[in-house]
Colleague: 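Attaching a single structure in structure tokens format; questions to follow.
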Amino acid sequence: MASTRAYTYFPGCCMHGFARHCQDSLYAVFEDLGLELRVLPEWNCCGATTYMSVDEHQAFALAARNLALAEQIGLEILAPCTACFMILKKAQDYLARYPEIRAKVDRALSAIGLRYQGTARIYHPLEILLRDVGLKGLKARVKQPLRGLNVAPYYGCLIARPYALSNGVTLEAFDQFIPALGANLVDFELKAHCCGGSLTGTIEDVGRRLVYILLRQAKRAKADVMVTVCPLCQLNLEAHQGKIQRQYGEDVTIPIPYFTQLIGMALGLSDKSLALEKLLVPIRWQPVEKGAAAAQPATAA
Amino acid sequence: MNGNGNKSVKIGVYVCHCGTNIAGKVDVKALAESAAGLPGVVVSREYKYMCSDPGQDLIVKDTKQFGLNRIVVASCSPHLHELTFRKTTANAGENPYLFHLVNIREHVSWVSDDPAAATEKAKALVKAAVARVFWHQELQPRRVPVNPSVLIVGGGIAGIHAALTLASAGKPVYLVERKPSIGGHMAQFDKTFPTLDCAACILTPKMTSVKQQPNIHLMTLAEVSEVSGFVGNFKVKVKRYPRYIDEAKCVGCGECIEMCVYKEGKYPNDFDLGLGKRKPIYMPFPQAVPPVPLIDPATCIEFKSHKCPKGCVEVCGDRDAIDFSQTVKEVELEVGTIIMATGFKTFEPRRLPQYGYGKFPNVYTSLEVERLVNASGPTLGQVVLRDGRRPEAIGILHCIGSRDENTNRYCSRVCCMYSLKLAHLLKEKTGAHVYNFYIDMRTPGKGFEEFYKRVLEDGVSFIRGKVAGVTTWAQSPAEEGKLILRVEDTLLGVVRRIPVDMVVLSVAMEAQADAENVRRLFNLGCSAEGWFLERHPKLAPVDTFTDGIFLAGCCQGPKDIPDTVAQAGAAAAQSMSLIDKGYVEMEPNTAWIEEELCSGCHVCVAMCPYTAIHFDADKKVAVLNEALCKGCGTCVAACPSGAAQQNLFRDEQLFAEVEGVLV
Amino acid sequence: MSRVSFVRKVKYEKELQRDVAAEVIATPGGEKILSCLQCGTCGGACPLSVYMDHTPRRLIGMLREGFKQEVVESFAIWLCASCYECTVLCPAGIKVTDVMYALKRIAIHEGIYPRRFPIPVLAKEFMEMLKGTGRNNEFWLVLRVLLKTAPMKLLTSWPLGLRLWRRGRMCLIGSRIPKPAGADLRRMLEVLEHGNASDVKPSNVTPSQGPDLLPGGAVSRVNA
Amino acid sequence: MSDGFNPLIVGFFCNWCTYLAADLAGTSRMKYAPNVRVVRTMCSGRVDPQMILWAFSHGADGVLIGGCHPGDCHYQEGNYKALRRTALLRKMLTQFGIEPERLRLEWISASEAERLRDVVNEFSEQIRGLGPLHLRPDVREEVVAA
Ligand SMILES: Cc1cc2nc3c(=O)[nH]c(=O)nc-3n(C[C@H](O)[C@H](O)[C@H](O)COP(=O)(O)OP(=O)(O)OC[C@H]3O[C@@H](n4cnc5c(N)ncnc54)[C@H](O)[C@@H]3O)c2cc1C
Ligand SMILES: Cc1cc2nc3c(=O)[nH]c(=O)nc-3n(C[C@H](O)[C@H](O)[C@H](O)COP(=O)(O)OP(=O)(O)OC[C@H]3O[C@@H](n4cnc5c(N)ncnc54)[C@H](O)[C@@H]3O)c2cc1C
Ligand code: SF4
Ligand code: SF4
Ligand code: SF4
Ligand code: SF4
Ligand code: SF4
Ligand code: SF4
Ligand code: SF4
Ligand code: SF4
């Protein structure tokens with residue numbers, strides 16, 4: 001990259017919490033590609049999917065505060081958690097379409113000296129990588145092709161649905177980053193099937209079953225790893241593998257890297273900078289000179 | 001001075017209740033009373049139905065009794081009843097153009113909430129009309145002869161039926177079809193609902209008659225490229241694309257196809273929707289009319305490299321019908337009326353990726369299945385899947401691309417019925433278990449419900465629920481290798497997963513992809529979905545807003561073959577009624593130029609889109625040719641000295657009207 | 001001899017509360033419920049409908065007819081994972097996910113949900129936490145929810161916590177927004193709260209505890 | 001709200017498109033603001049600046065011209081001429097002290113009843129916001145003479 005491009009980075013709560021490793025690898029990859037992330041100062045929680053169940057106006061205001069702050073900076077917003085991403089986009093959409101909501105939110109924001117204009121541009125980092133680095137650019141920078149690694153892409157619900165793909169990208173276009181890294185793209189039909197999200201913590205049995213469906217299907221499709229683009233899905237898919245295995249009596253162990261971890265591996269970045277050791281199910285893949293190098297999925301720790 | 005010279009103006013005002021359509025919102029009594037006080041008004045009345053005979057008689061009687069010489073009726077849109085009341089005025093012995101219609105239904109009562117505001121608006125409009133009609137003059141409509149030739153665009157069953165009807169009444173017909181053969185969609189079907197008669201058996205004789213009828217001039221591989229003129233006297237340019245085989249010389253023996261250097265068909269056949277293969281030289285389908293092959297230059301070796309041994313030419317021999325030198329030709333036609341019969345296209349199911357069309361080979365569109373079950377189709381009527389298997393379970397999904405805010409809102413009207421037909425045929429041919437997934441079963445037509453009963457008795461499973469998506473994601477061994485349909489059975493109240501081998505998508509009917517261009521070419525209206533707009537949905541379903549152009553078949557909206565044929569007959573009759581009358585009366589709304597006022601500035605000359613105005617260099621004034629003027633009024637608006645004026649829309653009339661509405 | 005028990009299935013008009021539909025129609029996304037075709041696309045698409053007592057379609061159908069009690073007591077609204085599949089596919093353009101949110105809000109407002117049921121508790125705790133720190137810390141959130149709903153589950157949940165902690169993915173001291181900004185945030189939320197307080201209509205449903213469904217109560221449905 | 005001010009708007013609607021859209025709005029029973037009074041012309045190209053000024057000087061608070069979409073004119077290009085004319089006239093209006101927003105030109109096809117409704121409602125509101133048009137007497141004379 002000739003010049004450095006910069007973006008406003010909206011981490012969301014999980015990137016500061018259980019998804020540290022996602023954040024580490026995101027920083028590492030972006031830095032390597034000459035893209036700069038500037039954390040949105042004073043950001044607040046986007047409200048997640050939960051707040052909407054209690055009060056919709058407050059939920060929209062939470063998102064709008066972040067957008068108003070970002071508008072002051074003017075850079076494009078990157079939201080690596082698809083829940084944040086989707087909620088920010090949905091808030092933008094609804095604030096534009098429902099004057100009543102807009103009026104209420106405006107009033108609340110003005111009480112704290114903020115103004116929301118609706119000009120923020122919100123992206124998921126994967127969209128940005130494909131747009132600003134491009135497949136060709138990515139390919140050119142691959143130092144350690146992930147030869148022989150069978151990768152199932154998993155996007156989850158939120159990046160695939162109404163507000164997200166309004167940026168005009170399709171999941172099939174997203175998929176292409178996998179072959180660009182030298183890995184094998186696994187045709188994974190359930191790539192946008194719901195993983196149950198928070199249900200694993202609330203209505204556990206149902207939640208675990210949804211995760212089981214995905215893991216089993218990925219195994220059957222002969223995937224060595226299932227790559228995610230959302231820290232929530234990432235945790236959800238990797239955290240319960242042991243329990244699921246006991247419950248269904250079936251080996252469902254499969255590493256669930258965050259997509260920047262996978263990209264970082266191909267870019268030749270160090271395991272440490274990608275926080276690979278923080279995955280609950282480690283990736284055991286050794287770069288091999290020639291011939292197919294199969295990943296060695298480990299058992300759950 | 002007024003439009004009447006010095007005769008005093010006596011105006012009669014008539015307010016229509018239209019049952020409660022107007023009276024329910026507008027205070028018709030108050031309206032009539034307020035009109036009575038306007039200058040020049042001699043009599044003002046309200047009546048239940050002005051367009052009825054007693055209503056019209058009222059006008060005639062008053063005119064005689066009070067010596068009225070201006071009539072204002074406040075009722076519905078002029079597009080509906082202007083003509084009616086002009087006739088009434090004429091019946092009363094006055095010039096029909098001394099009349100003016102005020103639209104207080106479509107523009108007032110039906111669109112207003114508040115009765116007081118509606119009444120006020122109606123009063124203003126009536127006042128304006130009274131002010132305007134003051135300036136009306138006696139006018140004579142222009143009569144122009146009607147050319148008896150008819151142009152029919154599109155050779156599906158609609159175009160074919162209209163052409164045969166007109167031709168047998170002795171009218172010369174030009175039938176222009178874009179494809180190499182006429183027949184349209186119907187030619188692709190095996191059987192037709194609800195009687196299950198064989199499509200070819202009923203269509204082929206009609207197609208052959210087209211060929212044999214001396215009054216029909218058939219042009220295939222042709223498209224209209226330009227239309228000018230007006231009702232009775234259209235000038236049309238038609239582009240004829242090369243077939244590379246001379247229709248006049250070819251006897252249709254098909255030997256050339258046999259002898260083509262390609263031993264087997266290699267390229268997807270358009271008519272079979274790619275399910276069958278053809279050679280570079282081919283017959284679109286066995287019953288094609290004209291029964292002449294064509295060469296596809298994109299695939300023929302001679303066109304690509306000029307190095308083909310040309311088995312085709314050799315075998316054609318003395319008949320010498322093959323002509324690689326043909327080029328695009330343009331012909332000019334003169335016709336009096338035009339019938340649009342350009343049909344429809346089917347919905348592209350790739351727009352709904354959840355159904356896996358294009359991804360899973362065994363997901364088909366209904367039209368493809370029509371070819372599969374067709375005895376003369378690519379599989380000779382054997383229903384075998386793309387992977388060679390015979391299906392044991394088949395799911396037919398209704399409403400794909402219809403009744404859906406994400407695609408088309410409307411119901412395509414025929415797909416319930418053809419889905420029933422396909423369920424029956426597929427079951428008969430394969431013995432498979434067939435499921436139909438529907439939202440509502442729409443079978444309103446003669447013999448349709450009986451057909452539904454019959455298919456119910458065939459043992460087809462009818463599941464009320466729209467399938468959410470098609471996957472290959474198996475949850476059990478029984479689902480392995482199948483296409484799995486996930487659906488909420490809304491009548492039984494359970495969610496079901498149903499594995500099948502074949503999925504049939506009952507795709508919607510949509511307006512042709514180029515409907516927008518065609519519509520512009522012919523100056524037609526179009527509904528938001530792209531269907532050509534009829535003049536009135538109930539009372540003028542085959543007329544358009546352009547006089548002399550009529551609609552037939554699915555270009556106007558989705559419909560089945562019986563309705564298509566009925567409409568084609570109606571379009572032919574409308575066209576014939578113009579031809580047999582021999583002339584049309586044109587609205588006398590042409591412009592004229594007052595020589596004394598003309599300053600010779602030239603402005604109007606450039607304004608006229610029909611070059612109706614030229615400049616007389618000797619007199620130094622603009623001269624207007626009334627025969628060419630179409631009455632747009634653009635020159636009038638542009639003339640800085642008020643020399644250009646337009647009948648029915650003179651400055652005085654419009655200024656008075658504007659002043660009138662501003663009460 | 002087996003005994004047959006009869007369940008009354010009739011519904012009388014006087015038992016219905018038609019105003020509940022109006023309430024949902026008034027919320028963003030719920031405007032179009034009257035144009036629902038009852039086609040079942042949502043139910044077919046929903047990854048969780050197989051576990052639901054009423055599918056989203058039925059909920060909308062019942063909502064329109066005023067079956068308020070059944071709708072707000074439905075377990076289905078809590079199963080909805082906000083995956084938006086239904087919303088994308090609905091041929092009537094209904095934002096079914098938003099309708100589910102609206103129903104959750106009505107249920108929470110009126111206190112109708114299974115006792116000790118974690119989701120509403122989670123939602124409320126989440127809200128409290130945000131008002132406090134402006135950000136969410138999963139460790140404390142989970143702890144607080146579990147304490148209120150199923151303290152015993154702490155026992156089965158700790159191994160995961162431990163694994164995350166070992167990998168540095170669990171922070172006991174949550175990230176919070178700087179103090180002045182935090183005050184701002186609370187202020188903003190309060191403005192809306194007071195704005196809303198006047199909008200809240202008094203409930204005309206007898207608050208009910210609904211079936212006592214502990215989280216584990218769903219097990220029998222799951223093995224379907 | 002400017003105390004119950006009910007704007008008067010003259011609508012010059014082309015016979016082939018906007019007039020039909022208004023008919024369709026009627027047959028579809030759409031409800032819209034009652035402020036626009038329609039004068040039918042065969043083409044938006046017939047509407048001359050003088051007529052518009054005449055309307056303003058005789059009490060109109062706004063003028064709405066409805067024509068066919070570009071490329072769709074029943075008479076080939078009358079609508080382009082209308083477009084050019086209104087653009088010029090808007091400049092003139094300012095000199096007379098008439099806000100140029102009081103003159104609006106919209107392309108509304110025969111099938112766009114919803115659009116017609118929205119435009120009428122929106123324009124009525126906009127004019128309501130601008131308040132009544134008060135022409136100075138001298139300007140009024142000038143306008144009439146123009
Ligand atoms: C899968 C399917 C099954 C059906 N089964 C039945 C059935 O069993 N029974 C029944 O009653 N109805 C059935 N229908 C409906 C039936 O197809 C239509 O009613 C009928 O075909 C309409 O005829 P048409 O002439 O209006 O249009 P089309 O058949 O579409 O013919 C239009 C013709 O115009 C030509 N054309 C188009 N544009 C131009 C142009 N610009 N210039 C020149 N030519 C042009 C086209 O090439 C075509 O030949 C079915 C429809 C479908 C989709
Ligand atoms: C309740 C109802 C509501 C409807 N609403 C609508 C609607 O909103 N929109 C719509 O499009 N359609 C509607 N329809 C359908 C509509 O009524 C018909 O499509 C239409 O009336 C058919 O017209 P027709 O001329 O064929 O028959 P008819 O209206 O029945 O006219 C037949 C005429 O022939 C006369 N006649 C009968 N036998 C003889 C004989 N042997 N000798 C001499 N004269 C004879 C009869 O007296 C009668 O005057 C409705 C139908 C019903 C029943
Ligand atoms: S081109 Fe010649 S060989 Fe071919 S069908 Fe016609 S006559 Fe027969
Ligand atoms: S020229 Fe050759 S390729 Fe072309 S049709 Fe004739 S034989 Fe076939
Ligand atoms: S005819 Fe039947 S299948 Fe076709 S759109 Fe209408 S309801 Fe759906
Ligand atoms: S018989 Fe009449 S009312 Fe009944 S389904 Fe048919 S059209 Fe509808
Ligand atoms: S009215 Fe229109 S068509 Fe007639 S002369 Fe004037 S510009 Fe030409
Ligand atoms: S615009 Fe008027 S004044 Fe000028 S040449 Fe034409 S008619 Fe004469
Ligand atoms: S998909 Fe939409 S229209 Fe169909 S039942 Fe669900 S909410 Fe109703
Ligand atoms: S958003 Fe909720 S109701 Fe809709 S499909 Fe997803 S889980 Fe089901």
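Below, each value reflects all heavy atoms present in this structure, side chains not excepted, and no hydrogens, waters or symmetry copies. Numbered from 1 within each chain, the chains take letters A, B, ... in sequence-line order.
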Colleague: Got a second to check how far B:E82's CD is from D:R40's CZ, nearest 0.5 Å?
Modeller: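 Interatomic distance, B:E82 CD to D:R40 CZ, rounded to 0.5 Å: 5.0 Å.
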
Colleague: Considering only heavy atoms from C-beta outward, does the side chain of B:L654 approach that of D:M51 to under 4.5 Å?
Modeller: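 The answer is yes, as the side chains (C-beta and beyond) meet within the 4.5 Å cut-off.
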
Colleague: Would you indicate whether D:E114, at its atom CD, is surrounded by more than 12 heavy atoms from other residues, nucleotides or ligands within a distance under 6.0 Å?
Modeller: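 Atom CD in D:E114 is not crowded, with 12 or fewer foreign heavy atoms closer than 6.0 Å.
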
Colleague: With a 4.5 angstrom heavy-atom cut-off, which part of B:C526 approaches chain D: side chain, backbone, both or neither?
Modeller: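 Just the backbone, heavy atoms under 4.5 Å.
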
Colleague: Give, for atom CZ of D:R29 and atom OG of B:S109, the distance between the pair rounded to the nearest 0.5 Å.
Modeller: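 One gets 8.0 Å once the value is rounded to the nearest 0.5 Å.
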
Colleague: May I ask you to decide whether B:R105 forms a salt bridge with D:D23, counting only side-chain N to carboxylate O separations under 4.0 Å?
Modeller: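 Looking at D:D23 together with B:R105, the answer is no, because their closest N to O distance does not fall below 4.0 Å.
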
Colleague: Hey, could you give me the CZ/CD distance between B:F655 and D:Q50, rounded to the nearest 0.5 Å?
Modeller: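 These two atoms lie 4.5 Å from each other.
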
Colleague: Side chain, backbone, both or neither: which part of D:K31 has a heavy atom under 4.5 Å from chain B?
Modeller: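 Contact with chain B is through both the backbone and side chain of D:K31.
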
Colleague: Find the distance between CG (D:L24) and OG (B:S77) and round it off to the nearest 0.5 Å.
Modeller: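 D:L24 CG to B:S77 OG: 11.0 Å, rounded to 0.5 Å.
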
Colleague: If I measure from the heavy atoms of chain B, does D:N15 come under 4.5 Å with its side chain, its backbone, both, or neither?
Modeller: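 Looking at D:N15, backbone and side chain both touch chain B.
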
Colleague: Using non-hydrogen atoms only, which part of D:T27 is less than 4.5 Å away from chain B: side chain, backbone, both, or neither?
Modeller: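 For D:T27, heavy atoms of backbone and side chain both lie under 4.5 Å from chain B.
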
Colleague: Shorter than 4.5 Å, heavy atoms on both sides: which option in D:R117, D:E112, D:H74, D:E77 has the most such pairs with chain B?
Modeller: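 Of D:R117, D:E112, D:H74, D:E77, D:H74 has the most heavy-atom pairs under 4.5 Å with chain B.
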
Colleague: Got B:Q646 and D:M42 here, is their nearest side-chain heavy-atom distance under 4.5 Å?
Modeller: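 Yes, their side chains come closer than 4.5 Å.
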
Colleague: Measure across B:A637 and D:G45 and return the closest heavy-atom pair with its distance rounded to 0.1 Å.
Modeller: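 The answer is CB-O, 3.1 Å.
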
Colleague: What residue, out of B:D114, B:N103, B:L533, has the most heavy-atom pairs lying under 4.5 Å from chain D?
Modeller: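 Of the options given, most contacts go to B:N103.
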
Colleague: Specify the closest pair of heavy atoms between D:D72 and B:R519, including all atoms of both residues, with the distance to one decimal.
Modeller: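 Shortest heavy-atom separation between D:D72 and B:R519 comes out as OD2-NH2, 2.6 Å.
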
Colleague: Kindly assign one of parallel, tilted or perpendicular to the pair D:Y19 and B:H107, based on the angle between their ring planes and the thresholds 30° and 60°.
Modeller: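 Aromatic pair D:Y19/B:H107 classed tilted.
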
Colleague: Could you measure the distance from the CZ atom of B:F649 to the SG atom of D:C43? Nearest 0.5 Å is fine.
Modeller: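 Going from CZ on B:F649 over to SG on D:C43, the span is 11.0 Å.
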
Colleague: Would you find more than 12 non-hydrogen atoms of other residues, nucleotides or ligands less than 6.0 Å from B:R520 atom CZ?
Modeller: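 Yes - once you tally the heavy atoms of other residues, nucleotides and ligands closer than 6.0 Å, there are more than 12.
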
Colleague: Please report the closest heavy-atom contact between B:V658 and D:V10, naming both atoms and the distance.
Modeller: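 Heavy atoms of B:V658 and D:V10 come nearest at CG1-CG2, 4.4 Å.
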
Colleague: Is D:V36 close to chain B through its backbone or its side chain, or both, or neither, when contacts mean heavy atoms under 4.5 Å?
Modeller: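 D:V36 touches chain B through backbone heavy atoms alone.
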
Colleague: Can you say whether D:C68 sits under 4.5 Å from chain B via the side chain, the backbone, both, or neither, judging by heavy atoms?
Modeller: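 Contact with chain B: none, neither part.
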
Colleague: Parallel, tilted or perpendicular: which one describes the rings of B:H79 and D:W16, with boundaries at 30° and 60°?
Modeller: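 Taking D:W16 first and then B:H79, their aromatic rings stand perpendicular (interplane angle over 60°).
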
Colleague: Of the backbone (N, CA, C, O) and the side chain (C-beta and beyond), which part of D:V47 lies under 4.5 Å from a heavy atom of chain B, both, or neither?
Modeller: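 For D:V47, the backbone is the part near chain B, not the side chain.
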
Colleague: At a heavy-atom distance under 4.5 Å, which candidate from B:G633, B:C632, B:G631 has the highest pair count against chain D?
Modeller: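 Going by pairs under 4.5 Å, I would pick B:C632.
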
Colleague: Dump the intermediate steps for side-chain contact (heavy atoms from CB on, under 4.5 Å) on D:R85 and B:T634, then the final yes or no.
Modeller: CA-CA 11 Å; D:R85 260 182 223 140; B:T634 307; 3.8 Å; yes

Colleague: Test of understanding: with side-chain contact (heavy atoms from CB on, under 4.5 Å), list the residues that count as partners of B:N625, not counting sequence neighbours.
Modeller: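 Here the qualifying residues are B:A627, B:L628.
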
Colleague: State the CG-CD distance between D:L20 and B:E106, to the nearest 0.5 angstrom.
Modeller: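 One finds 10.5 Å between CG of D:L20 and CD of B:E106.
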
